[in-house]
Number of protein chains: 2
Amino acid sequence: MFTFVGGLTGEWRIMRTDAVIGEPLPEAPRAEVVTSLVASAPQGALWLLRGVTSNERYVTRAERQLLVAKQPAPGRPEAVYAALIPIRKSDAWWELTQDERREIFETRSEHIKTGLRYLPAVARRLHHSRDLGEPFDFLTWFEYAPEHSVAFEELVVSLRVSEEWKYVVREVDIRLVRDVAA
Amino acid sequence: MFTFVGGLTGEWRIMRTDAVIGEPLPEAPRAEVVTSLVASAPQGALWLLRGVTSNERYVTRAERQLLVAKQPAPGRPEAVYAALIPIRKSDAWWELTQDERREIFETRSEHIKTGLRYLPAVARRLHHSRDLGEPFDFLTWFEYAPEHSVAFEELVVSLRVSEEWKYVVREVDIRLVRDVAA
């Protein structure tokens, strides 16, 4: 369980907070990543986003093997750039059945295949928020070294032009840099 | 979001509390079904179980159509019998990929097909608990009229002998009757 807190303190300095689709989030100068579910906003918090790393919903065994072989864990010292991208999908998405969601997610949008292309450069951790009653359905946390910035932009754009993204009704893109001196 | 509270009060009288697999739950005389997430156990509560009705994880469009056509909502006046069956699945289950879980769940265990056979007699509502950090992964609530008791026992036994159930590491079976006088 993870809580992301935007406010005046935290290891991560926020460079940009962009409302890509729908309602924005307040701009905060710093963010903290807490490895538990924080019940309520601490003093000075400007936003608080919670999520749970859960079992995979769409990945097949073959895809899992490719992912496991290539994906790094967050926390590599050289990966000082990060992005926190909370998204919410439409009711129409959630009313689809499992097979229909998988069809759009991978067969037509190649979400997994696209992500694989940017491994091991970009570390990624997905958090589920919808069942917690949070404002977003998912929070994805990415970490990468500065020399992979262009690759990371490519990855983000590839997903945003996909059919899956037509179901995204809210998306905020928060870019951060690890503050080595903090 | 739902909270089931076992204690001294509530609309439902508890007839039996059986530990089918693993650790039992304390026996309580009555239970209440609250349509929100109760943060902490109220005075006199002997157990408290929380869950969220969420999107379906395995059902295909064809199966959904069959289910929607036949399944009643809980709350029918004649359905005065109920069962609350919390289960927890093993780590081995959760480490399976989506396609492997679906294969065991339906192709080999016929979970959906079995449930369909007992519609519209048995109303059913599934609650997800795992991502809330609860002791169980799922809570299933069933309601049926007394004349469908034998059918309901058949349904429960069919699932318990299935391959899917080999992954169940904890199961409690709570049987209740709606207290019309309460």
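Chain A is the first sequence line, chain B the second, and so forth, proteins listed ahead of strands; every chain is numbered from 1. This structure is a prediction, so every number in the text was calculated from the model and none was measured.
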Do A:L176 and A:W47 sit in one hydrophobic cluster, given that two such residues count as connected whenever their side-chain heavy atoms are within less than 4.5 Å of each other, even indirectly?
yes
Can you say whether A:R102 sits under 4.5 Å from chain B via the side chain, the backbone, both, or neither, judging by heavy atoms?
neither
May I ask you to check whether over 12 heavy atoms, not counting those of B:Q43, lie within 6.0 Å of atom CD?
no
Under 4.5 Å from any heavy atom of chain B, what part of A:R61 do you find: side chain, backbone, both or neither?
both
Tell me, out of A:V52, A:T60, A:L132, who's got the most heavy-atom pairs with chain B below 4.5 Å.
A:T60
Would a 4.5 Å heavy-atom cut-off, applied to side chains only, mark A:E56 and B:Q98 as touching?
no
Once side-chain hydrogen bond (donor to acceptor under 3.5 Å, both in side chains) is applied, what residue pairs with a partner in residues 80-92 of chain A remain, sequence neighbours excluded?
A:K89-A:E164
Please check if atom NZ in B:K70 has more than 12 non-hydrogen atoms from other residues, nucleotides or ligands closer than 6.0 Å.
yes
Under 4.0 Å between a side-chain nitrogen and a carboxylate oxygen: does that hold for A:R50 and B:D131?
no
Just do the side-chain contact (heavy atoms from CB on, under 4.5 Å) check on A:N55 and B:E95 with the steps written out, would you?
CA-CA 7 Å; A:N55 60 295; B:E95 281 156 19; over 6 Å; no
Consider only side-chain heavy atoms of I, L, V, M, F, W and Y, link residues closer than 4.5 Å, and tell whether A:W165 and A:V172 are in one cluster.
no
Looking at every heavy atom in both A:V59 and B:T97, which two are closest together, and how far apart are they?
O-CB, 3.2 Å
State yes or no: do A:F142 and A:L139 share one hydrophobic cluster built from I, L, V, M, F, W and Y residues joined by side-chain heavy-atom distances below 4.5 Å, directly or via other members?
no
For A:S54, does its backbone N or O pair with a side-chain atom of B:R130 as donor and acceptor, under 3.5 Å?
no
